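Here is the structure we will look at, set down as structure tokens.
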Amino acid sequence: MARAGLTTERVVLAGAEMADEIGFEQVTPTELAKRCGVKTASLYSHVKNAQELKAGIALLALAELADLASRAVAGLAGRDALIALANVHRDYALEHPGRFTAARFRLTPEQAATSAGARHAELTRAILRGYDLAEPHQTHAVRLLGSVFSGFVGLESAGGFSHSTPGSQESWTEILDALDVLLRAWPRKK
């Protein structure tokens with residue numbers, strides 16, 4: 001029987017908060033049940049298993065990130081839109097490290113199809129159309145941007161840039177400038 005006041009949404013949100021504090025990989029139904037003050041069996045009234053809990057956290061993170069990105073790039077194009085999108089990813093990763101990790105969790109095809117992941121892809125593709133990139137170049141560029149954003153913030157949050165100069169903000173700015181130049185000059189061979 002479900003505990004009064006505990007809902008699937010509250011369980012997932014508590015899991016997301018826990019992920020930000022201790023790391024997404026460390027979130028388990030048992031640990032989350034302790035945090036919620038319930039027995040693990042009570043938690044299973046809201047999520048079937050660890051996979052479903054982690055997928056719920058991933059879906060929440062994708063939706064939050066898509067909402068933030070949509071607001072950040074609204075009315076912008078080209079370099080300005082690229083920088084706004086990149087900064088949303090970086091800021092979200094630094095503020096919500098567990099959720100950012102969760103956003104890369106492998107979802108089932110059904111979950112992925114109904115997730116905010118599609119909004120992310122469409123938003124990125126809209127920005128890339130401003131660089132006059134069509135398929136298949138657009139897909140390659142989407143993958144490049146995702147790799148750069150995730151790779152940089154992953155290294156930064158792990159302290160990878162904290163022992164050398166220039167600072168990570170200076171590198172971030174230069175990398176985004178370089179991405180803008182690259183996207184404008186993207187090779188269009190088939």
Side-chain angles (χ1 to χ4, degrees), residues 6-33 43-74 76 81-82 84-131 133-158 179 183 186:
L6 202 58
T7 64
T8 301
E9 292 77 22
R10 287 182 179 160
V11 167
V12 169
L13 183 56
E17 291 166 356
M18 186 179 208
D20 288 339
E21 293 171 22
I22 65 171
F24 180 65
E25 300 80 15
Q26 305 307 314
V27 176
T28 65
T30 301
E31 290 303 312
L32 186 56
L43 196 73
Y44 287 132
S45 298
H46 304 285
V47 292
K48 285 189 266 186
N49 52 37
Q51 178 76 14
E52 187 174 284
L53 172 61
K54 290 196 173 205
I57 297 168
L59 293 167
L60 172 70
L62 286 168
E64 289 176 342
L65 195 51
D67 290 343
L68 291 167
S70 294
R71 285 192 296 272
V73 303
L76 301 177
L82 173 67
L85 179 66
N87 284 333
V88 162
H89 279 82
R90 183 177 180 219
D91 293 346
Y92 189 80
L94 294 174
E95 185 175 342
H96 299 290
R99 294 178 207 204
F100 191 75
T101 299
R104 297 186 307 266
F105 183 71
R106 183 183 289 261
L107 299 169
T108 66
E110 297 79 21
Q111 291 167 328
T114 60
S115 76
R119 286 175 47 209
H120 287 279
E122 185 50 42
L123 185 61
T124 305
R125 289 176 184 283
I127 291 168
L128 292 172
R129 283 191 293 275
Y131 286 97
L133 284 179
E135 288 300 344
H137 311 293
Q138 213 177 77
T139 296
H140 301 314
V142 167
R143 292 173 179 168
L144 171 71
L145 294 178
S147 298
V148 171
F149 299 165
S150 292
F152 188 94
V153 299
L155 289 168
E156 183 179 35
S157 64
L179 282 174
L183 291 171
W186 193 274

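Just so we're clear, the structure is a prediction, and the values are computed from it rather than from any experiment.
- Two residues are said to be in side-chain contact when any heavy atoms from C-beta on lie closer than 4.5 Å; Leu53 and His46 fail this criterion.
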**Request:** Mind running side chain to side chain contact (heavy atoms under 4.5 Å, CB included) on Leu133 and Arg125 for me, showing each step along the way?
**Result:** CA-CA 9 Å; Leu133 284 179; Arg125 289 176 184 283; over 6 Å; no
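- Looking at Gln111 and Thr108, their side chains do bring a donor and an acceptor atom within 3.5 Å of each other.
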**Prompt:** Is there a side chain to side chain contact (heavy atoms under 4.5 Å, CB included) between Leu76 and Leu85 once you walk through the steps?
**Reply:** CA-CA 10 Å; Leu76 301 177; Leu85 179 66; over 6 Å; no
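- Of the inter-residue distances, the one linking Leu65 atom CG with Arg119 atom CZ reads 9.5 Å to the nearest 0.5 angstrom.
- In this structure, Leu43 and Ala33 approach most closely via the heavy-atom pair CD2-N, 4.0 Å.
- Between Val88 and Val73, every side-chain heavy-atom pair lies at or beyond the 4.5 Å cut-off.
- Between the side chain of Asp20 and the backbone N or O of Glu95 there is no donor-acceptor pair closer than 3.5 Å.
- From Leu94, atom CG reaches atom CG of Asn87 across 10.5 Å, with rounding to the nearest 0.5 Å.
- The two residues Leu107 and Ala112 have their closest heavy-atom pair at CB-N, 4.0 Å.
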**Request:** Begin with the C-alpha distance, continue with both residues' side-chain angles, and end with the deciding distance and a verdict on salt bridge (Lys or Arg N to Asp or Glu O under 4.0 Å) for Arg129 and Glu122.
**Result:** CA-CA 10 Å; Arg129 283 191 293 275; Glu122 185 50 42; 2.8 Å; yes
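- Between Phe149 and His89, the two ring planes are tilted [angle within 30° to 60°].
- Looking at heavy atoms from C-beta onward, Glu17 lies in side-chain contact with Leu13 at the 4.5 angstrom threshold.
- Between Ala102 and Ala58 the shortest heavy-atom distance is O-CB, 3.1 Å.
- Counting heavy atoms from C-beta on, the side chains of Val12 and Leu59 never come closer than 4.5 Å.
- The heavy-atom pair separating Ser70 from Leu123 by the smallest distance is N-CD2, 3.8 Å.
- Less than 6.0 angstrom separates the ring centroid of Tyr92 from the ring centroid of His96.
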**Criterion side chain to side chain contact (heavy atoms under 4.5 Å, CB included) on Trp186 and Tyr131, from CA distance to verdict** = CA-CA 9 Å; Trp186 193 274; Tyr131 286 97; over 6 Å; no
**Prompt:** What's the verdict on side chain to side chain contact (heavy atoms under 4.5 Å, CB included) for Ile57 and Phe105, showing C-alpha distance, side-chain angles and the deciding distance?
**Reply:** CA-CA 9 Å; Ile57 297 168; Phe105 183 71; over 6 Å; no
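- Here the CG-CG distance, from Asp67 to Leu62, works out to 11.0 Å after rounding to the nearest 0.5 Å.
- Ala16 and Leu60 make their closest contact through CB-CD2, 3.6 Å (heavy atoms, listed as atom of the first residue, atom of the second, distance).
- Separation of atoms CE (Met18) and CD (Glu31) is listed at 5.0 Å; rounding is to 0.5 Å.
- Taking OG1 of Thr28 as the reference point, atom CD1 of Ile22 lies at 7.5 Å (rounded to 0.5 Å).
- Under a 3.5 Å cut-off, the side chain of Ser157 and the backbone N or O of Gly154 do form a donor-acceptor pair.
- At least one side-chain heavy atom of Glu135 sits less than 4.5 Å from a side-chain heavy atom of Gln138.
- Closest heavy-atom contact between Lys54 and Glu25: NZ-O, 3.4 Å.
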